[in-house]
Amino acid sequence: DTGVSQNPRHKITKRGQNVTFRCDPISEHNRLYWYRQTLGQGPEFLTYFQNEAQLEKSRLLSDRFSAERPKGSFSTLEIQRTEQGDSAMYLCASSLDLINYGYTFGSGTRLTVV
Amino acid sequence: GNSVTQMEGPVTLSEEAFLTINCTYTATGYPSLFWYVQYPGEGLQLLLKATKADDKGSNKGFEATYRKETTSFHLEKGSVQVSDSAVYFCALSDPSGGYNKLIFGAGTRLAVHP
């Protein structure tokens, strides 16, 4: 088990472009989460999946953001028409038993919109 | 709403000093409580947890006790090392929606010098 893997590690994009990030969770974890973290702040919840079903989305997740988890395995987070305010670290986490074991986080994808 | 408040950093200590990082929470119900640590350039790692009132979580010399009467989960270590320099995040399992995700505090940066 290699833990939670996120790609790419860094992404620089021009304002208005679309970007897509990928997360590969721990294989036996049925829950997958996306968070956003800006400098000096804690992670903010964006959305989560149980298997392939997207069960909750934050109000932070505007219409420009979409996430998928086909077949309940890896997940993608797409941001359309990026804005400078989207610059942040995007974190993925997975879990099998949240109450007792919490999350396992990936190393994140740092997005810079110029 | 449900939330976590941490003491502001940075906390600067000499090696072997005693550490306390305060965390208080606001929540309905009975959340689990967590401390995560983020070392420079790395993802968040679970440090310790407590699932019910009066539980004490411990790991790597760090401890925290779930105090329902004061809604607190303060992190302590008797003798810090330079290698403990990191950002520490307190989190709770969100009672709204069935404890299915974590809410994080803003983080507290710890700097330990020799």
Side-chain angles (χ1 to χ4, degrees), chain A residues 2-10 21 23-26 29-51 53-61 67 88-110, chain B residues 1-10 21 23-25 27 29-53 55 57 59 64 66 73 86-109:
Chain A
T2 57
V4 178
S5 176
Q6 290 190 247
N7 289 288
R9 291 295 303 272
H10 304 275
F21 311 139
C23 172
D24 288 89
I26 292 173
H29 286 185
N30 60 345
R31 291 188 177 180
L32 185 149
Y33 299 81
W34 286 100
Y35 280 75
R36 181 170 65 190
Q37 186 180 21
T38 53
L39 198 62
Q41 298 298 314
E44 296 175 298
F45 171 77
L46 293 179
T47 188
Y48 93 93
F49 294 82
Q50 181 162 310
N51 300 313
Q54 188 173 19
L55 296 187
E56 188 174 344
K57 293 195 295 186
S58 164
R59 287 189 294 268
L60 292 175
L61 215 63
M89 178 74 85
Y90 289 85
L91 300 172
C92 178
S94 68
S95 177
L96 182 61
D97 178 355
L98 174 62
I99 300 303
N100 290 300
Y101 298 103
Y103 296 157
T104 301
F105 277 94
S107 297
T109 294
R110 181 168 296 285
Chain B
N2 303 304
S3 64
V4 175
T5 302
Q6 293 182 231
M7 63 187 289
E8 285 195 24
I21 299 178
C23 170
T24 57
Y25 67 91
Y30 304 96
S32 293
L33 300 174
F34 304 84
W35 277 100
Y36 278 80
V37 58
Q38 188 172 32
Y39 298 104
E42 298 185 15
L44 280 81
Q45 304 172 25
L46 180 63
L47 181 60
L48 54 83
K49 64 164 177 67
T51 58
K52 61 183 187 299
D55 268 2
N59 186 25
Y66 189 162
F73 192 54
V87 181
Y88 293 82
F89 295 93
C90 185
L92 62 79
S93 56
D94 185 7
S96 63
Y99 304 97
N100 288 319
K101 64 181 185 292
L102 298 184
I103 296 174
F104 288 84
T108 303
R109 181 175 299 278

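Just so it is clear: chains get the letters A, B, ... in the order the sequence lines come, proteins before strands, and each one is counted from 1.
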Distance-only check: which donor-acceptor pairs under 3.5 Å involve side-chain atoms of residues 94-107 of chain B, not counting sequence neighbours?
unit_1: B/Asp94; atom_1: OD1; unit_2: B/Asn2; atom_2: ND2; d: 2.9
unit_1: B/Asp94; atom_1: OD1; unit_2: B/Ser96; atom_2: N; d: 3.1
unit_1: B/Asp94; atom_1: OD1; unit_2: B/Ser96; atom_2: OG; d: 2.9
unit_1: B/Asp94; atom_1: OD2; unit_2: B/Ser96; atom_2: OG; d: 2.8
unit_1: B/Asp94; atom_1: OD2; unit_2: B/Lys101; atom_2: NZ; d: 2.8
unit_1: B/Tyr99; atom_1: OH; unit_2: B/Tyr30; atom_2: N; d: 2.8
unit_1: B/Asn100; atom_1: OD1; unit_2: A/Arg31; atom_2: NH1; d: 2.8
unit_1: B/Asn100; atom_1: OD1; unit_2: A/Arg31; atom_2: NH2; d: 3.1
unit_1: B/Asn100; atom_1: ND2; unit_2: A/Tyr48; atom_2: OH; d: 3.3
unit_1: B/Asn100; atom_1: ND2; unit_2: B/Gly97; atom_2: O; d: 2.6
unit_1: B/Lys101; atom_1: NZ; unit_2: A/Glu56; atom_2: OE2; d: 2.7

Seminar exercise, completed: A/Phe21 meets the ring-ring contact (aromatic ring centres under 6.0 Å, His included) criterion, sequence neighbours left out, with A/Tyr90

For this session: Below 4.5 Å from any heavy atom of chain B, which atoms of A/Tyr103 appear? Answer side chain, backbone, both or neither.
Result: both

Exercise. Applying a criterion of heavy atom separation less than 4.5 Å, what residues of residues 37-47 of chain B form contacts with chain A?
Worked result: B/Gln38, B/Gly41, B/Gly43, B/Leu44, B/Leu46

For this session: Name the member of A/Gly108, A/Pro43, A/Gly40 that forms the most heavy-atom pairs with chain B at distances under 4.5 Å.
Result: A/Pro43

For this session: Counting only heavy atoms closer than 4.5 Å, note whether A/Leu55 contacts chain B via side chain, backbone, both or neither.
Result: neither

Exercise. Does any heavy atom of chain B fall under 4.5 Å from the side chain of A/Arg9, the backbone, both, or neither of them?
Worked result: side chain

Exercise. Side chain, backbone, both or neither: which part of A/Gln6 has an atom under 4.5 Å from a heavy atom of chain B?
Worked result: neither

Exercise. What residues, two or more places apart in sequence or in another chain, satisfy side-chain contact (heavy atoms from CB on, under 4.5 Å) together with B/Ser32?
Worked result: A/Ile99, B/Phe34, B/Thr51, B/Ser93

